[in-house]
Structure formats: structure tokens, C-alpha cells
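Everything below concerns the one structure shown next.
Just so it is clear, the values below take in all heavy atoms, side chains as well, and ignore hydrogens, waters and symmetry mates. We count ligands from 1, going down the list as the structure has it; atoms in each ligand are counted the same way.
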Amino acid sequence: MLRILAAGLFMISTVQAEEFASSDELKNLVHQDCGSCHGLTLKGGLGPDIRPDTLSHYDAETLTTVVLDGIPGTAMPPWRPLISEGDAKRIAEYLLQGELK
Ligand code: HEC
């Protein structure tokens, strides 16, 4: 019984660890996937400039919601199906600060 429980816990922790992308993976995602609309350097394209100075009116929480749910009625898509909430929050912080810890 205990062994089954331990195996279960191990699986849960493995799954959670996989949910979080590495900083490099997240940066790639932002510049490639977000960049396909916002420009590789994020200074705008089809989508607007999303560099830190432009986004200063956002707080991290609102920005996380924009990333997860997109902006309905516009070309800005929801990323909830593809990224975890934790990673969306890290992306928001990356966009605000211009660096990823
Ligand atoms: C299919 C194109 C497309 C992709 C891919 C895309 N966006 Fe957008 N995004 C847009 C458009 C278009 C807008 C402007 C919507 C509007 O009219 O308000 C926008 C708006 C935004 C805004 C709000 C900007 C502001 O000044 O209010 C943020 C932040 C943002 N996107 C972040 C991201 C992030 C982060 C990603 C990647 C995870 C991403 N976008 C991927 C098209 C895209």
C-alpha cells in the first residue's frame, strides 16, 4: 500500500516538473511563437510592440491573463491550451522585465 502511494507521488511530481519549461524554452517560445505576430524582437508586426516600456501599464497578473486567454475578438490567441499557468506567469514577468530568471 505504502509503495503504491509512493509510486503515485513520484508520478505526480514528475508530471509537475515537466509542466515547467526551462528558461531557454520559454524565451524561444516567446521570440518564435509570439514573435511570429509581435516580431522576433517583439517590437511589433501584425501584433503590437510588447517590449517592457510599452507594457508598463500592465501588472504581471493582468498580463498573465492576456497570455492565457488572449484578447477576444482580436488575432491575439489564448495560450491556455499550450502553456501552464506557471509558465504564463513567467512569460508575463519576462515581458515586463526583459529578462528571465
Ligand atoms: C496570431 C498572432 C499572435 C500571436 C501568435 C500572439 N499574439 Fe499577442 N497580440 C496579437 C494581436 C493582433 C494583438 C492586439 C490585439 C488588440 O487589437 O488589442 C496582441 C496583443 C497582445 C498583448 C497586449 C498588448 C497591449 O499593448 O495591450 C500582449 C501582452 C500580447 N499580445 C502578448 C503575446 C504573447 C506573450 C504571445 C505568445 C505567448 C502572443 N502575444 C502571441 C497577435 C498575436
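Shown in contact with Leu95 at under 4.0 Å from a heavy atom are these atoms of ligand 1, numbered in order with element: 35 (C). Of all atoms in ligand 1, listed by their number and element, those nearer than 4.0 Å to a heavy atom of Val67 are 35 (C). Near Trp79, the atoms of ligand 1 lying under 4.0 angstrom from a non-hydrogen atom of the residue are 5 (C), 36 (C), 37 (C), 38 (C), 39 (C), 41 (C). Listed by number with element, the atoms of ligand 1 under 4.0 angstrom from any heavy atom of Gly47 are 10 (C), 11 (C), 12 (C).
Neither Val67 nor Leu40 shares a network with the other; the hydrophobic side chains, linked directly or stepwise wherever heavy atoms of I, L, V, M, F, W or Y lie under 4.5 Å apart, form separate groups for each. Val30 and Leu68 fall into different hydrophobic clusters, where Ile, Leu, Val, Met, Phe, Trp and Tyr are joined by side-chain heavy atoms under 4.5 Å apart, directly or via other members.
No side-chain heavy atom of Leu95 sits less than 4.5 Å from a side-chain heavy atom of Tyr58.
Judged by the shortest distance from any of its heavy atoms, Ile71 lies inside the 4.0 Å radius around the atoms of ligand 1. At least one heavy atom of Ile50 sits closer than 4.0 Å to an atom of ligand 1.
The protein heavy atom nearest to atom 2 (C) of ligand 1 is Cys37 SG, 1.8 Å. Looking only at heavy atoms of the protein, atom 29 (C) of ligand 1 is closest to Leu63 CD1, 3.5 Å. Considering only non-hydrogen protein atoms, atom 38 (C) of ligand 1 sits nearest to Cys34 SG, 2.7 Å. Of the protein's non-hydrogen atoms, the one nearest atom 12 (C) of ligand 1 is Ala75 CB, 3.7 Å. Of all protein heavy atoms, the one closest to atom 32 (C) of ligand 1 is Met76 CE, 3.6 Å. For atom 16 (C) of ligand 1, the closest non-hydrogen atom on the protein side is Thr74 CG2, 3.6 Å. Among protein heavy atoms, atom 26 (O) of ligand 1 sits closest to Leu55 CD2, 4.0 Å.
With distances taken over non-hydrogen atoms, the option nearest atom 5 (C) of ligand 1 out of Asp33, Asp49, Leu29 is Asp33.
Between Tyr58 and ligand 1, at least one N/O pair is under 3.5 Å apart. Checked by distance only, ligand 1 and His38 come closer than 3.5 Å through their nitrogen or oxygen atoms.
Ion pairing between a basic and an acidic side chain is recognised when a charged N comes within 4.0 Å of a carboxylate O; Arg51 and Asp53 show no such pairing.
Contacts of Pro48 with ligand 1, taken as heavy-atom pairs under 4.0 Å, involve the side chain alone.
Heavy atoms from other residues, nucleotides or ligands lying under 6.0 Å from NZ of Lys89 number 12 at most.
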